[in-house]
S.K.: 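Pasting a structure here, questions to come.
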Amino acid sequence: MLSEKTKQWIDERTGYKNFFHAIFLLNFPTKRRSRWQFIWGGALVLMMLVEIITGALMMTVYSPSEASAWGSVHYMETQVDLGWFVRGLHHYTAHMMIVAIIIHIFLVIISAGYRKPKEFIYWTSLLIGGVIIGLTITGNALPWDQKGYWSYQIETGIAGTMPVIGSTLRSLVVGGSEFGNLTLTRLYTIHVMALPVIAIMLFVFHMALIRRERLRTAKVKEANDDPNVDFELDEDDPVKDEITQPYWPYQTTRTLVLTLILVGIVILQIVAYPALKNKHLDVGIGDWQADLPASEIKLEAPADSAIPYVARPEWFVRFLFELRHMVPKELEVLVTAVLPGVILAILVLVPFYEKVFGEQWGQRLAIVVYVGGLLIISGISWYGIQAERSAPDYELNRSQELAYAARASWLASKNGVPPEGPASLLRNDPKSMGPIIFARHCGICHTWNGHDGTGHNIMEMKDGKKVIATPRASDLAGFATTKWLTEFLLDPRSTKFFGHLATVKGGDAILNGDMSDWADSYVGPEGILTKEDVEAVAALVAREAKRRDYVKPSQEVIQRGISVFSGVDFKDKAGKVVEFYGYCAQCHAMKAGDPNEEGGGAAPDFNGYGSEKWLIDFIRKPGAEHFYGEKNIMPSFEESKISEHDIKLLVKWMRGEWQRPTEEK
C-alpha cells in the first residue's frame with residue numbers, strides 16, 4: 001500500500017483523489033440519510049464495471065467470424081484457465097443487470113424519484129435499461145451457437161416488422177439481408193463499441209444529474225440549518241427530516257453489500273444452473289444419446305440452419321414472441337411495433353401522471369401500471385414457456401438439441417475445430433447428419449425404429465387431417481445385422497418388412513413373391529429349416545456387411561450357414577444329410593456362400609451385402625441387374641438427388657459408423 005506522503009505526491013500531480021471522489025461520490029456534499037432503496041443504481045454501476053472487465057478479458061480470446069466465433073468461445077470454456085468462469089460471470093451478470101434495472105425503476109417510482117426536478121434522472125434510467133437489454137441481445141448472439149443465432153433471428157425479425165424503419169433497422173443490425181460474417185462483425189462492433197460508449201455516457205449523465213440534485217438538496221438543507229438565513233423548508237419536504245450522513249461509507253457500504261449479494265447469485269448460477277436447467281428432461285430419448293452429460297455442455301451446437309433447433313428468444317423479449325403467435329399475421333405489427341411503443345410511452349410519461357391526476361393518484365397509477373405491466377409480461381412469458389414444454393415433441397426436440405450440442409463439443413475437444421468452421425463438425429458427422437438425410441430422402445417410404453430417423457413420426461394428410469403415415473417399405477434400423485436378417489427370413493410379410501408393400505404399385509408382386517413363398521415353404525414348424533438354420537444363414541450374410549457391431553459366430557455356425565445358402569451337405573432337423581431345394585444361391589449370388597460357384601439369379605447380389613459400397617451402389621441404382629432388376633419399385637437416388645458426401649454420411653450412419661467417446665476394444 002502506498003504511504004500518505006506518496007499518495008499526496010501523486011495527487012498533487014494528477015488530482016486522482018478528486019477524480020475518484022467524483023466517480024464514486026465519496027465526497028458527496030449532500031447530508032442525506034443512507035437508505036437501502038438507493039443502492040440499486042450504485043450496484044448497476046459496479047456490475048457494469050464487472051461487465052467491462054470480463055468483456056475485456058474475453059476479447060483476448062474471442063474471434064468474431066462464422067469460422068471462429070463458436071470455436072473461440074468453446075476454447076474459452078474448455079481450455080482457458082477460468083475461462084468458463086469469466087464468460088459465465090459476463091453472461092449471467094448481464095441478465096442480472098436487467099433484473100436490477102427493473103427493480104431500480106420500480107423503487108424510483110414508489111419513492112417518486114421522477115418528480116420535478118428529477119424527470120431526467122428517471123428518463124435516463126429508462127434509457128440505461130434499454131441499452132442494457134441491447135447489450136444482452138447483441139452479446140447472446142456472439143458465440144454463434146444455435147441458441148444465440150435463432151434468438152437473434154427472432155429479435156431482428158420483430159424489429160424488422162416495425163413500420164417505416166423496420167427493414168432499415170434490421171438491415172443495420174444484421175449487416176445486410178442474410179445472416180453471415182458481416183452480421184457477427186456488426187454485432188461485435190455494436191456490442192463492444194457503440195452500446196458500451198452510449199451506456200457509459202448515460203451512466204455519467206445520470207450520475208451527474210443525481211449529483212446536481214444532491215447538491216441542490218444540500219444547499220437547501222444548509223440554508224435551513226443556518227440561523228442567519230431566512231429560509232424554511234415546507235413541512236412535507238422529504239429533506240426536512242434527513243439525518244446527516246455522508247455518502248461514504250454509509251451508502252457506499254450498502255451498495256457494496258447488494259452488489260456482492262447479486263454477484264454471489266450470479267456465481268451460484270454459473271456453478272449450479274448448467275446442472276439444473278435440463279433436469280426436467282429425459283436427455284437421450286431414443287437414439288439421441290448425448291456424448292457428454294448435460295451439465296458439461298457449455299454451448300449449444302454451432303449455428304447451422306441445417307441442424308434442427310427450436311428458436312426461443314431470451315426471457316425478457318419472450319412475451320413479444322408469444323404475442324406474435326396470438327394475433328393474425330396482418331395484426332402482427334400491432335404487437336411488435338405499436339405495443340412496445342405504447343409501453344415505452346407509458347413509462348416515459350410517468351412524471352406527467354401527477355400533473356393530471358394529482359400527486360397521490362398519479363403515483364398510485366404509475367405503480368399500478370408498472371407492476372401490472374410486469375405481471376402481464378411475466379404471465380405471457382410463463383404461459384409461452386409452459387406451452388412449449390407441454391408440447392408433444394418438446395422432450396424429443398430438446399433431447400436432440402442437447403445431443404447435437406454435446407456431439408459438437410465432444411468432436412471439437414477431440415479433433416479441434418476444422419478450418420472451414422465449426423458447422424462442419426456436425427455437417428461431416430454421420431451420427432448427426434445421417435438421421436436428417438434419412439428423414440429427408442428415405443423417411444417418405446422407409447422407417448427407422450418406427451419413425452423417420454430423427455425420432456418424429458412420418459405424417460400424411462388423410463381425409464383432411466394430418467395423421468401418422470403408413471410406411472410403404474421396410475424398417476431399416478439394424479439393416480444387414482444378423483438379428484434384422486433373421487427376423488426378415490422368419491417372416492418377410494411382417495409389417496416391419498414387406499407387410500405394407502401391398503399399398504404400393506407393383507408391391508404386391510414382392511409381398512407375395514419368391515421370398516415370401518420361400519419362407520412359407522421352408523421356415524416354421526412345418527418347414528425343413530430350424531430357427532438355428534435361419535440364424536446361421538443370417539449370420540453368414542451379415543458377415544458380408546463388416547459392420548462394427550457384427551459378432552463373429554463360431555466356425556460351426558458359419559458352416560451351417562453355408563450349407564443353407566448353397567444346399568451342399570445340408571442336414572435336416574434329425575441331423576441327416578438330405579437334399580435341400582430351398583438353398584439361397586438359386587436366386588442370390590455370394591461367393592462366401594458357395595465356394596464352388598457364384599450362383600445368383602433374379603434376386604439381389606449378396607457379395608458385400610450391407611457394406612458401404614453395396615449400400616451406395618444400391619441406393620444409387622436399385623434397378624440394376626445385380627439388385628432388383630425389372631422388379632424394382634424403389635426410386636434411384638442419383639448425384640442430383642443426394643450428393644456423394646451426403647450418401648456416404650447416410651450409409652455410415654445406417655451401418656453405425658461414427659467416432660465414439662469410448663472406443664471399442
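The first residue in the sequence is number 1, and the count goes up from there.
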S.K.: Identify whether the distance between the nearest side-chain nitrogen and carboxylate oxygen of E388 and R318 falls below 4.0 Å.
M.R.: yes
S.K.: Output, in order, the C-alpha distance, side-chain angles, deciding distance and verdict of side-chain contact (heavy atoms from CB on, under 4.5 Å) for Y62 and Y188.
M.R.: CA-CA 10 Å; Y62 178 73; Y188 190 57; 3.6 Å; yes
S.K.: Is the side chain of R472 donor-acceptor paired with the backbone N or O of I444 at a distance under 3.5 Å, no angle test?
M.R.: yes
S.K.: How about M461: does its CE atom have over 12 heavy atoms from other parts shown lying under 6.0 Å from it?
M.R.: yes
S.K.: Check the pair R312 / E401 against salt bridge (charged side-chain N to carboxylate O under 4.0 Å, His left out), numbers first and verdict last.
M.R.: CA-CA 12 Å; R312 305 176 187 87; E401 292 164 3; 3.2 Å; yes
S.K.: Donor-acceptor pair, H191 side chain versus L135 backbone, under 3.5 Å?
M.R.: yes
S.K.: Is the closest side-chain heavy-atom distance between V99 and F316 below 4.5 Å?
M.R.: no
S.K.: Find the distance between CD1 (I132) and CE (M97) and round it off to the nearest 0.5 Å.
M.R.: 4.0 Å
S.K.: Counting N and O atoms only, with roles assigned by atom type, does the side chain of D452 sit under 3.5 Å from a partner on the main chain of I458, one being a donor and the other an acceptor?
M.R.: no
S.K.: Just by distance, do the side chain of S409 and the backbone of A405 share a donor-acceptor pair under 3.5 Å?
M.R.: no
S.K.: So does K641 have more than 12 non-hydrogen atoms from other groups sitting under 6.0 Å from NZ?
M.R.: yes
S.K.: Which distance, rounded to the nearest 0.5 Å, do you find between the CG of L374 and the CD1 of I103?
M.R.: 10.0 Å
S.K.: Determine the minimum heavy-atom distance between I154 and R324, stating which atoms define it.
M.R.: O-NH1, 4.0 Å
S.K.: For W315, is the CH2 atom crowded, meaning more than 12 foreign heavy atoms sit under 6.0 Å from it?
M.R.: yes
S.K.: Quick check: do Q386 and W382 have side-chain heavy atoms less than 4.5 Å from each other?
M.R.: yes
S.K.: Strictly distance-based, threshold 3.5 Å: is any side-chain N or O of R407 a donor or acceptor partner for the main-chain N or O of D291?
M.R.: no
S.K.: Ignoring hydrogens and geometry beyond distance, is a side-chain donor-acceptor pair present between T454 and H456 at under 3.5 Å?
M.R.: yes
S.K.: Run the side-chain donor-acceptor check on residues 178-187: report pairs under 3.5 Å with partners two or more places apart or on a different chain.
M.R.:
unit_1: N181; atom_1: OD1; unit_2: E66; atom_2: N; d: 2.7
unit_1: T183; atom_1: OG1; unit_2: V174; atom_2: O; d: 2.7
unit_1: T183; atom_1: OG1; unit_2: G180; atom_2: N; d: 3.0
unit_1: T185; atom_1: OG1; unit_2: N181; atom_2: O; d: 3.0
unit_1: R186; atom_1: NH1; unit_2: L172; atom_2: O; d: 2.7

S.K.: Is any side-chain heavy atom of V50 less than 4.5 Å from a side-chain heavy atom of T54?
M.R.: yes
S.K.: Say whether, by atom type as modelled, one donor and one acceptor occur between the side chain of W144 and the main chain of S68 under 3.5 angstrom.
M.R.: no
S.K.: Closest approach of H90 and G55, non-hydrogen atoms and distance?
M.R.: ND1-N, 3.4 Å
S.K.: Let me know which of T470, D475, N457 forms a side-chain hydrogen bond (donor to acceptor under 3.5 Å, both in side chains) with T447.
M.R.: D475
S.K.: Please lay out, stage by stage, how E612 and K648 fare under the test salt bridge (charged side-chain N to carboxylate O under 4.0 Å, His left out).
M.R.: CA-CA 8 Å; E612 181 174 334; K648 285 184 177 178; 5.4 Å; no
S.K.: Locate the shortest heavy-atom distance separating H500 from T495; write the atom from each residue and the value.
M.R.: CD2-O, 3.2 Å
S.K.: For side-chain contact (heavy atoms from CB on, under 4.5 Å), just list the numbers for V327 and L334, CA-CA rounded to whole Å, side-chain angles, deciding distance to a tenth of an Å, and then say yes or no.
M.R.: CA-CA 9 Å; V327 300; L334 293 177; over 6 Å; no
S.K.: Quick check: do Y273 and Y92 have side-chain heavy atoms less than 4.5 Å from each other?
M.R.: yes
S.K.: Are the charged groups of E155 and R170 less than 4.0 angstrom apart, N to O?
M.R.: no
S.K.: Is the side chain of T93 donor-acceptor paired with the backbone N or O of E51 at a distance under 3.5 Å, no angle test?
M.R.: no
S.K.: Please report the shortest heavy-atom distance between A306 and I436, naming the atom on each side.
M.R.: O-CD1, 3.8 Å
S.K.: Parallel, tilted or perpendicular: which one describes the rings of F637 and H441, with boundaries at 30° and 60°?
M.R.: perpendicular
S.K.: Output all residues satisfying ring pair (Phe, Tyr, Trp, His ring centres under 6.0 Å) with H91, sequence neighbours left out; order by chain, then residue number.
M.R.: H95
S.K.: Distance-only, no hydrogens or angles: does the R547 side chain make a donor-acceptor pair with backbone N or O of M654 under 3.5 Å?
M.R.: yes
S.K.: Among D304, L299, V417, which residue satisfies the side chain to side chain contact (heavy atoms under 4.5 Å, CB included) criterion with P422?
M.R.: V417
S.K.: Mind checking the CD1-CD1 spacing from I98 to I133? Nearest 0.5 Å is all I need.
M.R.: 5.5 Å
S.K.: Contact between M48 and P196 at the side-chain level, heavy atoms closer than 4.5 Å - yes or no?
M.R.: no
S.K.: Step by step, work out the side-chain contact (heavy atoms from CB on, under 4.5 Å) result for I619 and L650.
M.R.: CA-CA 10 Å; I619 294 170; L650 171 64; 4.2 Å; yes
S.K.: Evaluate whether atom CG of N415 has more than 12 neighbouring non-hydrogen atoms of other residues, nucleotides or ligands under 6.0 angstrom away.
M.R.: yes
S.K.: Just jot down the salt bridge (charged side-chain N to carboxylate O under 4.0 Å, His left out) partners of K496, sequence neighbours excluded, or say none.
M.R.: E487
S.K.: Of the non-hydrogen atoms in W150 and S305, which two are nearest, and what is the gap between them?
M.R.: CZ2-CA, 3.9 Å
S.K.: Just jot down the ring pair (Phe, Tyr, Trp, His ring centres under 6.0 Å) partners of F618, sequence neighbours excluded, or say none.
M.R.: W614, F627, Y628
S.K.: Do S474 and H446 have side chains that approach each other closer than 4.5 Å (heavy atoms only, starting at C-beta)?
M.R.: yes
S.K.: Quick check against the 3.5 Å criterion: does Y152 have a side-chain atom that pairs as donor or acceptor with the backbone of L142?
M.R.: no
S.K.: Taking D646 for the side chain and I642 for the main chain, is one N or O donor matched with an acceptor at less than 3.5 Å?
M.R.: no
S.K.: Where do Y383 and M326 land on the side-chain contact (heavy atoms from CB on, under 4.5 Å) test, with the steps shown first?
M.R.: CA-CA 12 Å; Y383 168 80; M326 295 179 183; 3.8 Å; yes
S.K.: So, E77 and R87, do they make that salt bridge, N to O below 4.0 Å?
M.R.: yes
S.K.: So, are E657 and R548 salt-bridged, with charged N and O less than 4.0 Å apart?
M.R.: no
S.K.: Kindly compute the distance separating CD (E460) from CD1 (I468), expressed to the nearest 0.5 Å.
M.R.: 10.0 Å
S.K.: Could you pull out all residues at least two apart from Y404 that satisfy ring pair (Phe, Tyr, Trp, His ring centres under 6.0 Å)?
M.R.: W288
S.K.: Partners of F497 by ring pair (Phe, Tyr, Trp, His ring centres under 6.0 Å), sequence neighbours excluded?
M.R.: W484, F488
S.K.: What are the two closest non-hydrogen atoms of I128 and L202, and how far apart are they?
M.R.: CG1-CB, 3.7 Å
S.K.: What is the distance from atom CG of L476 to atom CG of L615, rounded to the nearest 0.5 Å?
M.R.: 9.0 Å
S.K.: Salt-bridge test for E638 and K621: reply yes if a basic N is under 4.0 Å from a carboxylate O, no otherwise.
M.R.: no
S.K.: Which distance, rounded to the nearest 0.5 Å, do you find between the CG of L89 and the CH2 of W84?
M.R.: 10.0 Å
